[in-house]
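Keep in mind that this is a model prediction, so the values were computed, not measured. The first residue in the sequence is number 1, and the count goes up from there.
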Amino acid sequence: MKSLFWFIIAAFAEIAGCYAFWMIFRLQKGLTPLIWGLPALILFAFALTRIDAAQAGRVYAAYSAIYLIASLIWMRGIEGVSPDRWDMIGSGICLIGAAVIILTPR
């Protein structure tokens, strides 16, 4: 449960940090978004180091599923665009792939 907390923090921090750059370069909002974007990216990197796992690669694989869900929530909540059926189908495929990596007995 502790890992899920850090995965969620990492996902939204990464999206927020990257969205700051999206605002600067795509939406022409000036440099002000860096005030929160850079700390968000630092929080993202820190949060991933809090995950209890022996291999970073598996952490990133597990994180990808959380990131995917967070991205669609961000798109709906912040950008006001609802995911379409292809977003949902693609998400399902990715979640199955991440589950295979995460849940396979080692």
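Contact between Lys2 and Arg50 at its shortest, heavy atoms only, is CE-O, 4.5 Å. Taking each heavy atom of Ala20 and Pro33 in turn, the nearest pair found is CB-O, 3.4 Å. The shortest non-hydrogen separation linking Leu41 to Glu14 is CD2-O, 4.0 Å. Nearest heavy atoms, Ile24 versus Gly30: CG1-O, 2.9 Å. Ala62 and Phe7 get closest at one heavy-atom pair: CB-CZ, 3.7 Å. Here the shortest heavy-atom pairing between Leu95 and Ala65 reads CD2-CB, 3.4 Å.
Here the side chains of Ser91 and Ile69 are not in contact, with every heavy-atom distance at 4.5 Å or above. Side-chain contact check for Val59 versus Thr49: every heavy-atom pair is 4.5 Å or farther apart. At a threshold of 4.5 Å between non-hydrogen side-chain atoms, the residues Ser64 and Tyr60 do not count as touching.
Ile78 and Leu72 fall into different hydrophobic clusters, where Ile, Leu, Val, Met, Phe, Trp and Tyr are joined by side-chain heavy atoms under 4.5 Å apart, directly or via other members. By the criterion of side-chain heavy atoms lying less than 4.5 angstrom apart, applied directly or through intervening Ile, Leu, Val, Met, Phe, Trp or Tyr residues, Leu43 is grouped together with Phe5 in one hydrophobic cluster. Met75 and Ile15 are assigned to two separate hydrophobic clusters, defined by single-linkage of ILVMFWY side chains at heavy-atom distances under 4.5 Å. Leu34 and Phe12 are assigned to two separate hydrophobic clusters, defined by single-linkage of ILVMFWY side chains at heavy-atom distances under 4.5 Å. When hydrophobic clusters are built by joining Ile, Leu, Val, Met, Phe, Trp and Tyr residues whose side-chain heavy atoms come closer than 4.5 Å, directly or via intermediates, Ile42 is not grouped with Trp36.
Between atom CD1 of residue Ile9 and atom CD1 of residue Ile51 there is a gap of 10.0 Å, rounded to the nearest 0.5 Å. Atoms SG and CE, on Cys18 and Met23 in that order, are 13.5 Å from each other to the nearest 0.5 Å.
Residues near Ile35 contribute nothing to a hydrophobic cluster around it, because no ILVMFWY side-chain heavy atom sits closer than 4.5 Å to its side chain.
Classification of the Phe46-Trp6 ring pair by plane angle, with boundaries at 30° and 60°, yields perpendicular. The aromatic rings of Phe25 and Phe21 lie parallel to each other, with less than 30° between the two planes, well short of the 60° mark.
In this structure, the side-chain hydrogen bond (donor to acceptor under 3.5 Å, both in side chains) partners of Arg76, at least two apart in sequence or on a different chain, are Ser82.
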Inset, instruction - Evaluate the criterion side-chain contact (heavy atoms from CB on, under 4.5 Å) for residue pair Tyr67 and Phe44; output intermediate values, then yes/no. - result: CA-CA 11 Å; Tyr67 180 83; Phe44 152 68; over 6 Å; no
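For the ring-ring contact (aromatic ring centres under 6.0 Å, His included) condition, the pairs that include at least one residue of residues 68-103, sequence neighbours left out, are Tyr19-Trp74.
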